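Written out below as structure tokens is the structure these notes cover.
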Amino acid sequence: KGRLPLVGKIARILFVGGGGSGKSRIINRVLTPLLKTFYGSKGLMSEAASNKAARGVGGITLHAANKLLGSSSLMTVHLRTKPRQQAAMNRFGLLGAKLFDEVSQINSKLFHADAYCTAVARSEKDGVHAERYADLEQTWGALPIVGVGGDELQLPPVPLQAGLFAPIEGTSHEQKTAVKILNTFTHVYRLTTAMRFQDDVLVKILQTMRCKGGQDLLRSEWDALMNTEIDGPDCPKLVGTDLYYESAYEWSIVTMAQA
């Protein structure tokens with residue numbers, strides 16, 4: 001099979017939308033098989049801020065992708081490739097595309113670190129100028145395809161001022177550069193239909209939640225929402241759920257390593 005060249009920007013794609021609108025499905029069912037067809041099985045890397053989100057798109061966390069620890073400094077001067085990172089960084093040279101999910105949850109400095117480290121790792125390729133990693137044509141080391149999906153109204157990093165959608169006045173060079181890189185994306189799409197949800201009342205509640213400036217729920221909608229409450233271990237809604245389990249850390253714990 002012929003493969004597309006691994007250097008030379010083709011597209012920077014941002015797609016946003018509410019829960020259930022199909023963002024992860026587009027990554028899993030459309031973009032992933034398409035990009036692996038044209039760039040090979042090692043030609044695509046999918047990433048997300050948290051392990052849960054990364055598993056949802058068959059990817060890894062941004063920390064793992066860049067061999068960073070929770071204690072690693074995200075300042076540019078400290079991001080130079082270290083010997084223990086070199087083998088992992090070599091795979092960036094095989095990439096033709098990167099996909100990111102849950103962009104609202106990504107710390108700006110971590111997003112910057114990913115773009116910077118990828119550019120540096122690909123700097124020996126013809127046409128790659130790592131020092132210009134924030135310029136549109138050179139982002140991620142002139143990687144052909146970069147796609148970013150998410151919902152700007154979902155959970156931000158902790159602290160929320162570290163997010164890619166937060167104001168940048170008075171912030172670090174790394175945060176400003178990360179926002180600049182995201183602002184260069186050339187193709188932006190908003191997904192507006194909640195494809196996952198079939199309940200009309202739930203769809204209406206979700207639409208109301210997204211109204212700019214806020215909007216009251218109808219009494220019937222509020223009643224329907226309150227009817228989902230579990231009011232004790234003997235609640236009839238729990239019948240048949242004896243073997244259900246889920247473990248979840250507080251969001252502040254999940255994201256503190258990104259600070």
Side-chain angles (χ1 to χ4, degrees), residues 1-15 26-27 30-48 57-68 72 74-101 103 106 108-149 164 172-189:
K1 278 185 178 180
R3 304 295 188 192
L4 288 178
L6 301 181
V7 176
K9 182 195 74 69
I10 295 176
R12 297 291 181 263
I13 307 166
L14 173 63
F15 47 99
I26 288 175
I27 290 177
V30 180
L31 295 179
T32 294
L34 178 69
L35 293 171
K36 285 186 176 180
T37 297
F38 286 104
Y39 294 115
S41 60
K42 295 182 179 179
L44 170 67
M45 182 177 289
S46 298
E47 302 175 41
V57 292
I60 55 180
T61 65
L62 276 81
H63 277 93
N66 296 282
K67 293 300 178 183
L68 294 168
S72 297
L74 298 179
M75 293 179 61
T76 308
V77 69
H78 296 149
L79 291 174
R80 296 292 182 182
T81 304
K82 300 174 178 60
R84 67 177 177 80
Q85 297 174 294
Q86 189 58 56
M89 291 302 176
N90 288 340
R91 62 183 170 172
F92 287 158
L94 303 176
L95 295 178
K98 275 198 173 195
L99 297 174
F100 299 88
D101 200 12
V103 64
I106 299 176
S108 295
K109 294 180 182 178
L110 190 57
F111 192 70
H112 165 268
D114 189 276
Y116 177 81
C117 290
T118 304
V120 171
R122 292 167 55 85
S123 59
E124 295 183 2
K125 287 186 169 294
D126 291 340
V128 175
H129 304 282
E131 71 279 4
R132 293 173 47 207
Y133 71 97
D135 294 345
L136 173 60
E137 300 296 327
Q138 289 294 323
T139 48
W140 285 275
L143 199 65
I145 304 289
V146 178
V148 173
L164 286 161
S172 66
H173 161 76
E174 288 78 14
Q175 182 162 347
K176 291 176 179 176
T177 303
V179 173
K180 174 187 175 183
I181 291 173
L182 187 62
N183 284 341
T184 65
F185 276 47
T186 51
H187 298 71
V188 181
Y189 303 92

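These figures come from a predicted structure and were not determined experimentally. Throughout, residue positions are numbered sequentially from 1 according to the sequence presented.
Although no hydrogens or angles enter the test, the distance criterion places no donor-acceptor pair under 3.5 Å between the side chain of Gln175 and the main chain of Ser108. Side chain of Arg122 to backbone of Asn90: no donor-acceptor contact under 3.5 angstrom is found. A donor-acceptor pair is defined here as one N or O able to donate and one able to accept, closer than 3.5 Å; no such pair exists between the side chain of Arg91 and the backbone of Met45. Remark: side-chain polar atoms of Glu174 are not paired, donor with acceptor, to backbone N or O of Phe111 under 3.5 angstrom.
Looking at heavy atoms from C-beta onward, Tyr133 lies out of side-chain contact with Thr118 at the 4.5 angstrom threshold. No side-chain heavy atom of Thr139 sits less than 4.5 Å from a side-chain heavy atom of Lys180. Between Thr76 and His112, the closest side-chain pair of non-hydrogen atoms falls below 4.5 Å.
Of the inter-residue distances, the one linking Ile145 atom CD1 with Leu6 atom CG reads 11.5 Å to the nearest 0.5 angstrom. To the nearest 0.5 Å, the span separating CD on Glu47 from CD1 on Ile106 amounts to 8.0 Å. Taking CG of Leu182 as the reference point, atom CG of Leu14 lies at 5.5 Å (rounded to 0.5 Å).
Around CD of Glu131, the count of heavy atoms belonging to other residues, nucleotides or ligands within 6.0 Å exceeds 12. Around CG of Asn183, the count of heavy atoms belonging to other residues, nucleotides or ligands within 6.0 Å exceeds 12. Within a 6.0 Å radius of NZ in Lys176, other residues, nucleotides and ligands contribute more than 12 heavy atoms.
Smallest separation of non-hydrogen atoms from Tyr39 and Pro144: OH-CB, 3.3 Å. Across Ala113 and Asn66, no two heavy atoms sit closer than the pair O-OD1, 4.2 Å.
A side chain to side chain contact (heavy atoms under 4.5 Å, CB included) with Leu68 holds for exactly one of Leu79, Leu62, Thr61; it is Leu79.
A cation-pi arrangement is absent between Lys125 and Phe92 under the rule of less than 6.0 angstrom and at most 45 degrees off the ring axis.
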